[in-house]
Amino acid sequence: MKIATFNINGIKARFEALQAWLREAEPDVALLQEIKSVDEAFPRELFEDMGYRVETHGQKSFNGVAILSRLPLEDVARGLPGDDRDEQARWIEATVIGDRAVRVCGLYLPNGNPVPGPKYDYKLAWMERMRLRALDLLAGEEPVVMAGDYNIIPQDMDAAKPEAWREDALARPESRAAFRRILNLGFTEAFRTRVPEAGHYSFWDYQAGAWQRNNGIRIDHLLLSPQAADLLREVGIDKEIRGREKPSDHVPVWIDLDA
DNA sequence: ATGGTCGTTCCACGA
């Protein structure tokens with residue numbers, strides 16, 4: 001079961017590039033972030049015609065997450081529990097029925113800038129809510145994959161210029177600690193556990209020729225429950241996508257599970 | 001050393 005996460009930065013601007021990547025990469029499951037679309041405006045037929053089931057959790061203009069799956073989905077749930085007043089569309093879950101059933105969570109974690117401020121407070125509060133949801137999911141003792149745009153640079157080795165991110169919400173010690181609190185529950189960060197070297201990124205800013213200078217950061221992650229980590233076969237980042245016409249500023253990150 | 005770019009929606013904001 002190949003599962004990918006991809007922040008597409010707007011479905012209207014990206015559907016052609018997304019279709020091209022799906023045809024080549026052939027993921028069984030694609031967890032999308034920043035669809036920037038309400039559910040009714042998402043061009044679901046384009047993907048259904050390619051054999052994908054489509055589940056969206058959108059909102060107008062900003063945020064929005066989706067699941068594309070060519071395997072059956074069960075028990076779709078929308079929204080991160082823990083705050084009924086939170087109207088931002090950043091979390092979607094479903095159970096994918098492959099050789100094994102895998103619970104997948106697609107997430108778009110708040111950016112949190114500027115620091116300090118209400119957006120940073122929201123980020124940290126959101127991460128605590130995510131930690132509680134992760135704890136619940138672990139109790140099921142089943143394969144769980146939580147994947148998406150975490151807006152977290154886990155370590156300095158995950159940035160080409162770590163000093164440039166020192167005061168940024170993506171790299172602040174409190175942000176990194178909140179990320180580790182989730183990992184420390186017993187999750188495995190799939191890419192880092194298989195690739196120990198620095199210099200692998202998933203995002204390059206549109207500005208200042210970041211791509212051309214390889215000034216990137218690694219902020220898109222897949223976290224595996226112990227039962228999912230047992231099934232891990234392979235990891236990858238589809239870096240070359242970033243060099244194409246009309247790219248997202250993120251590229252797909254994926255895993256292959258024996259499931 | 002600095003500024004720089006997109007996407008969506010509407011003429012600004014978020015990243």
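Values below: every heavy atom of this structure, side chains too, minus hydrogens, waters and symmetry copies. To find a chain, count down the sequence lines: A is the first, B the second, and so on, and within it residues start at 1.
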> Counting side-chain heavy atoms from C-beta on, which of dC10(B), dC13(B), dA15(B) comes nearest to Lys60(A)?
Replying inline: dC10(B)
>> Measuring from the side chain of Phe62(A) (C-beta onward, heavy atoms only), which nucleotide among dT9(B), dC13(B), dA15(B) has the closest atom?
In response: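 Among dT9(B), dC13(B), dA15(B), the one nearest the side chain of Phe62(A) is dC13(B).
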Under 4.5 Å between any side-chain heavy atoms of [X] and [Y], yes or no?
X: Val251(A); Y: Ile237(A); answer: yes
X: Gln33(A); Y: Phe6(A); answer: no
X: Trp126(A); Y: Leu107(A); answer: yes
X: Trp204(A); Y: Arg213(A); answer: no

> More than 12 heavy atoms of other residues, nucleotides or ligands under 6.0 Å from CD of Glu245(A): is that the case?
Replying inline: no
> Do other residues, nucleotides or ligands put more than 12 heavy atoms under 6.0 Å from Asp49(A) CG?
Replying inline: yes
Within this structure, what is the [atom1]-to-[atom2] distance between [X] and [N], rounded to whole angstrom?
X: Ile35(A); N: dA15(B); atom1: CD1; atom2: C1'; result: 17 Å
X: Tyr150(A); N: dA15(B); atom1: OH; atom2: P; result: 18 Å
X: Tyr122(A); N: dG14(B); atom1: OH; atom2: P; result: 13 Å
X: Asn63(A); N: dG7(B); atom1: CG; atom2: C1'; result: 13 Å
X: Gln59(A); N: dG14(B); atom1: CD; atom2: P; result: 12 Å
X: Phe42(A); N: dG7(B); atom1: CZ; atom2: C1'; result: 15 Å
X: Asp249(A); N: dG14(B); atom1: CG; atom2: C1'; result: 11 Å
X: Lys246(A); N: dT5(B); atom1: NZ; atom2: P; result: 16 Å

> Checking side chain to side chain donor-acceptor pair (under 3.5 Å) for the pair Asn9(A)/Tyr206(A): CA distance, chi angles, key distance, verdict?
Replying inline: CA-CA 12 Å; Asn9(A) 190 20; Tyr206(A) 288 125; 3.2 Å; yes
>> Using the P atom as the point on both nucleotides, what is the distance between dT5(B) and dT9(B), in whole Å?
In response: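 Nearest-Å result for dT9(B) against dT5(B) at atom P: 22 Å.
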> Which whole number of Å gives the distance between the C1' atom of dC10(B) and that of dG14(B)?
Replying inline: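 Comparing C1' positions in dC10(B) and dG14(B) gives a spacing of 15 Å.
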>> With the threshold set at under 4.0 Å for non-hydrogen atoms, list the residues of residues 6-25 of chain A touching DNA chain B in residue-number order.
In response: Asn9(A), Gly10(A), Ile11(A), Lys12(A), Ala13(A), Arg14(A)
> When all nucleic acid strands are considered with a 4.0 Å heavy-atom cut-off, which category describes Phe203(A): base, sugar-phosphate, or nothing?
Replying inline: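 Here Phe203(A) touches no strand at all.
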Check ion pair [X]-[Y] (N to O, under 4.0 angstrom):
X: Glu234(A); Y: Lys2(A); result: no
X: Arg192(A); Y: Asp158(A); result: yes
X: Arg133(A); Y: Glu128(A); result: no

> Taking the nucleotide of DNA chain B with the closest heavy atom to each, which residue, Ser37(A) or Asp149(A), is nearer the 5' end?
Replying inline: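 Checking each residue's closest nucleotide, the 5'-ward one belongs to Ser37(A).
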>> Assuming nearest nucleotide by heavy-atom distance, tell me which of Gln88(A) and Ala210(A) is located more 5' along DNA chain B.
In response: Ala210(A)
> Do the side-chain N or O atoms of Lys119(A) get closer than 4.0 angstrom to the phosphate oxygens (OP1, OP2) of dG14(B)?
Replying inline: yes
Under 3.5 Å, which N/O atoms of the protein pair with N/O atoms of nucleotides 1-3 of chain B?
none

